[in-house]
Asks: 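The structure's right below; bear with me while I get my questions together.
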Amino acid sequence: MQCKYADLIDKIVDLEGEISKEIDDLLDCEIEARKVIAGVEDPVCKAFLAYYYLDRLDLETIAEKMNYSVRQIYRIKAKSRHLMSEQNAL
């Protein structure tokens, strides 16, 4: 019986380590995303990118928050991606 508990504890410790690493990786990604978004000069695109990538809002909710139609948000999304790809090419 003791062996089973020790195995379970070892497994829990291993899983906690894996989870901690995944959280660190996600935080690194968020920091990188914030840097990329900060480099976008267009304020509308910057706001869109923050809502979409950092706040993880859907396009309809972003449209409501930014007082744009969903169709216009799709255009802003395309423009934002273009600006980010230009920025990454530098």
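Both backbone and side-chain heavy atoms feed into the values below; hydrogens, waters and symmetry mates do not. Keep in mind it's a predicted model, so treat the numbers as computed, not measured.
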Asks: Show your working on side-chain contact (heavy atoms from CB on, under 4.5 Å) between Tyr53 and Arg34 and close with a plain yes or no.
Replies: CA-CA 9 Å; Tyr53 289 107; Arg34 287 183 186 279; over 6 Å; no
Asks: Side chains of residues 9-18: which donor-acceptor partners sit under 3.5 Å, not counting sequence neighbours?
Replies:
none

Asks: Under a 4.5 Å cut-off applied to non-hydrogen side-chain atoms, are Ser80 and Ile76 in contact?
Replies: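 Yes, their side chains come closer than 4.5 Å.
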Asks: Counting C-beta onward and ignoring hydrogens, is there a side-chain heavy-atom pair between Phe48 and Leu59 closer than 4.5 Å?
Replies: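 Yes, close enough: below the 4.5 Å cut-off.
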Asks: Taking all atoms of both residues into account, what is the closest heavy-atom pair of Lys46 and Ala38, and its distance?
Replies: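 It is NZ-O, 3.3 Å.
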Asks: To the nearest 0.5 Å, tell me how far Asp7 CG sits from Lys4 NZ.
Replies: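 So the gap between those two atoms works out to 9.5 Å.
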Asks: Is any side-chain heavy atom of Tyr51 closer than 4.5 Å to one of Thr61?
Replies: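 Side-chain contact under 4.5 Å: no.
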Asks: Measure across Leu54 and Glu30 and return the closest heavy-atom pair with its distance rounded to 0.1 Å.
Replies: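 Looking at all heavy atoms of both residues, the closest pair is CD2-CG, 4.1 Å.
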Asks: Go through Tyr68 and Ile62 one step at a time and tell me if the side-chain contact (heavy atoms from CB on, under 4.5 Å) criterion holds.
Replies: CA-CA 8 Å; Tyr68 286 106; Ile62 295 171; over 6 Å; no
Asks: Membership question, hydrophobic clusters at under 4.5 Å side-chain separation (ILVMFWY): are Ile31 and Leu49 in the same one?
Replies: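 Different clusters.
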Asks: Determine which pairs satisfy salt bridge (charged side-chain N to carboxylate O under 4.0 Å, His left out) with at least one residue from residues 57-82, sequence neighbours left out, and list them in order.
Replies: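 Output for this query lists Asp42-Lys79.
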Asks: To check you understand the geometry: which heavy-atom pair defines the closest contact between Val40 and Cys45, and what is its length?
Replies: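 Val40 and Cys45 have their closest heavy atoms at CG1-CB, 4.0 Å.
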Asks: What's the separation between atom CD1 in Ile23 and atom CG in Asp28, rounded to the nearest 0.5 Å?
Replies: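 Reported value, rounded in 0.5 Å steps: 12.0 Å.
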